[in-house]
Enquirer: 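This structure is in structure tokens; I'll ask about it shortly.
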Number of protein chains: 2
Amino acid sequence: MNQSYDPVIETKTKILDTAERLFGERGYSATSLRDIVAGAGVNLAAVHYHFGSKEELLDQVVLRKAAPVNVERLRLLDQVEAEAGTAPPPVDQVLEAFFLPMAAAAECNPPFVRMMGRMLAEGLMMGIVAKHFQEVTRRTQSALRRALPQLPEEELLWRIHFMIGAMAHTMCGPPDFTQRGADLGDFRSRIGRLVSFLSGGFQAPIRESREEQ
Amino acid sequence: MNQSYDPVIETKTKILDTAERLFGERGYSATSLRDIVAGAGVNLAAVHYHFGSKEELLDQVVLRKAAPVNVERLRLLDQVEAEAGTAPPPVDQVLEAFFLPMAAAAECNPPFVRMMGRMLAEGLMMGIVAKHFQEVTRRTQSALRRALPQLPEEELLWRIHFMIGAMAHTMCGPPDFTQRGADLGDFRSRIGRLVSFLSGGFQAPIRESREEQ
DNA sequence: GTCTATACTGAGATAGAC
DNA sequence: GTCTATCTCAGTATAGAC
């Protein structure tokens with residue numbers, strides 16, 4: 001993994017590693033650059049030399065972890081669409097292609113995924129999503145479009161919006177009602193619950209708005 | 001509304017009004033106390049005298065706006081449960097009891113509801129929710145429990161968790177795909193879409209997790 | 001090119017005079 | 001109750017050592 005002992009790579013990597021750990025443990029806003037450089041044993045200004053700003057550092061931390069997840073997502077999407085052929089692919093399979101790679105990553109590093117959820121929810125990820133998740137977003141959207149051919153485009157986009165919200169909140173961390181620590185890292189099972197829920201939501205009939213005060 | 005010209009009330013109210021406006025316009029984190037006191041024409045220390053901290057100020061701002069919404073929510077929940085009698089109340093009616101009062105408030109003050117969504121998503125509202133939304137949370141949960149008698153308790157709690165996430169993200173603001181400014185304040189229609197989506201999600205069958213890598 | 005020391009600006013919070 | 005002055009800590013910027 002460390003391709004050599006080049007001191008340049010060393011410093012950059014130490015900052016990335018420490019930032020990833022502390023962002024996961026304490027959250028982005030609650031982690032100061034001074035915490036990070038103290039933990040990494042490097043100078044404060046090195047962060048700005050290598051990354052330019054705290055936000056750019058976050059960007060690089062997220063990219064490093066999310067890139068392989070997105071590769072796997074695209075691979076599963078390819079597979080699901082190939083299996084379906086010309087028929088609409090099953091909604092839950094498309095959703096699984098989107099969520100399972102994240103669940104797998106989450107099991108390796110739960111704090112990081114929780115941080116991603118918090119970031120996404122805080123709106124701090126909008127720029128990052130636009131930059132690094134563009135392809136996955138586009139491909140998932142088009143797969144869902146094929147899976148739900150009867151759903152109006154605008155309705156589909158709104159439902160994807162709802163999905164993102166549910167996902168972000170679910171990634172954030174365990175809700176208050178989970179008492180057992182055993183459930184903390186069990187992303188797999190919560191992703192399963194999320195997929196059934198969303199699958200029902202995507203396939204729900206469009207309801208006429210009622211006339212009520 | 002201003003019950004008198006008591007200067008104490010005046011200062012407190014001016015701070016609350018200005019904070020509500022600026023939090024809505026710029027978000028909580030992006031609004032400094034110095035911005036607020038400048039807008040309100042009061043001294044910086046007055047905020048800490050009257051509210052103790054920026055977080056407590058947010059708490060009071062939210063409470064002032066959310067209290068009547070929650071009263072209306074409870075009224076609608078009473079109505080829905082009374083109409084249903086001993087039968088399970090319809091899921092979408094329970095959801096409407098939860099969401100319509102918020103939509104009505106949102107139409108009066110869209111920026112504020114957007115801010116609430118952002119706060120909720122950022123996790124900054126956890127303490128506030130625990131303090132001021134306890135009754136509504138409990139009642140909504142028990143109505144959904146009655147509406148979905150066959151759903152295991154744990155599954156219901158997770159689905160409520162997903163609902164909160166979708167709601168927070170939906171309140172936050174219009175997603176990127178809405179180009180027209182006309183849609184910005186149209187909370188009513190997006191709440192309708194959200195209710196159909198969630199209704200489908202709550203009533204979805206529980207899927208067994210697939211064996212797949 | 002890399003990294004260090006240090007200073008700058010603005011944030012929330014607080015003590016104490018009035 | 002209110003206000004001035006000040007404290008600590010945040011992110012950021014820069015000059016210069018190596």
Enquirer: Looking at His50(A), I'd like to know whether one of its side-chain N or O atoms comes within less than 4.0 Å of OP1 or OP2 on dC3(C).
Expert: yes

Enquirer: Rounded to whole angstroms, how far apart are CG on Leu33(B) and C1' on dA13(C)?
Expert: 9 Å

Enquirer: Please work out if Thr31(B) contacts a base, only the sugar-phosphate, or nothing of the nucleic acid, heavy-atom cut-off 4.0 Å.
Expert: sugar-phosphate

Enquirer: Taking salt bridge (Lys or Arg N to Asp or Glu O under 4.0 Å) as the definition, give me every residue that meets it alongside Arg64(B), ordered by chain and number, with sequence neighbours left out.
Expert: Asp17(B), Glu20(B)

Enquirer: Has Arg73(B) got its NZ or CZ under 6.0 Å from the middle of the six-membered ring of Phe98(B), at an angle within 45 degrees of the ring axis?
Expert: yes

Enquirer: May I have all residue pairs that pass salt bridge (Lys or Arg N to Asp or Glu O under 4.0 Å) and include part of residues 32-46 of chain B, sequence neighbours excluded?
Expert: Arg26(B)-Asp35(B)

Enquirer: Which whole-number value in Å describes the distance from Asn43(A) CG to dT14(D) C1'?
Expert: 13 Å

Enquirer: Show every donor-acceptor pair shorter than 3.5 Å between a side-chain atom in residues 123-134 of chain A and any protein atom, with sequence neighbours excluded, or say none if there are none.
Expert:
unit_1: Lys131(A); atom_1: NZ; unit_2: Asp59(A); atom_2: OD2; d: 2.7
unit_1: His132(A); atom_1: NE2; unit_2: Asp59(A); atom_2: OD1; d: 2.9

Enquirer: Give a yes or no answer on whether the side chain of Gln203(A) reaches the backbone of Ser199(A) with a donor-acceptor pair at less than 3.5 Å.
Expert: yes

Enquirer: Whole-Å distance between dG11(D) P and Lys54(A) NZ?
Expert: 4 Å

Enquirer: For Arg21(A), give me all partners under side-chain hydrogen bond (donor to acceptor under 3.5 Å, both in side chains), at least two apart in sequence or on another chain.
Expert: none

Enquirer: To the nearest Å, how far apart are Arg26(A) CZ and dA10(D) P?
Expert: 10 Å

Enquirer: Could you write out each protein N or O paired with an N or O of nucleotides 14-16 of chain C at a distance under 3.5 Å?
Expert:
none

Enquirer: Would you please confirm or rule out a distance under 4.0 Å between OP1 or OP2 of dT2(D) and any side-chain N or O of Tyr49(B)?
Expert: no

Enquirer: Give the rounded distance in Å between these two atoms: CD1 of Ile36(B) and C1' of dG10(C).
Expert: 15 Å

Enquirer: For Phe23(A), enumerate each residue passing the ring pair (Phe, Tyr, Trp, His ring centres under 6.0 Å) test, keeping only those at least two apart in sequence or located in another chain.
Expert: Tyr28(A)

Enquirer: Glu55(A) or Val42(B): which one's nearest nucleotide on DNA chain D is closer to the 5' end?
Expert: Val42(B)

Enquirer: Does a nitrogen or oxygen in the side chain of Thr11(B) sit under 4.0 Å from OP1 or OP2 of dT2(D)?
Expert: yes

Enquirer: Roughly how many Å is it from CZ in Arg34(B) to C1' in dA11(C), rounded to a whole number?
Expert: 6 Å

Enquirer: Measure from CD1 on Ile15(A) to C1' on dT4(C) and round the result to the nearest Å.
Expert: 13 Å

Enquirer: Could you check how far CZ of Phe51(B) sits from P of dT2(D), rounded to whole Å?
Expert: 11 Å

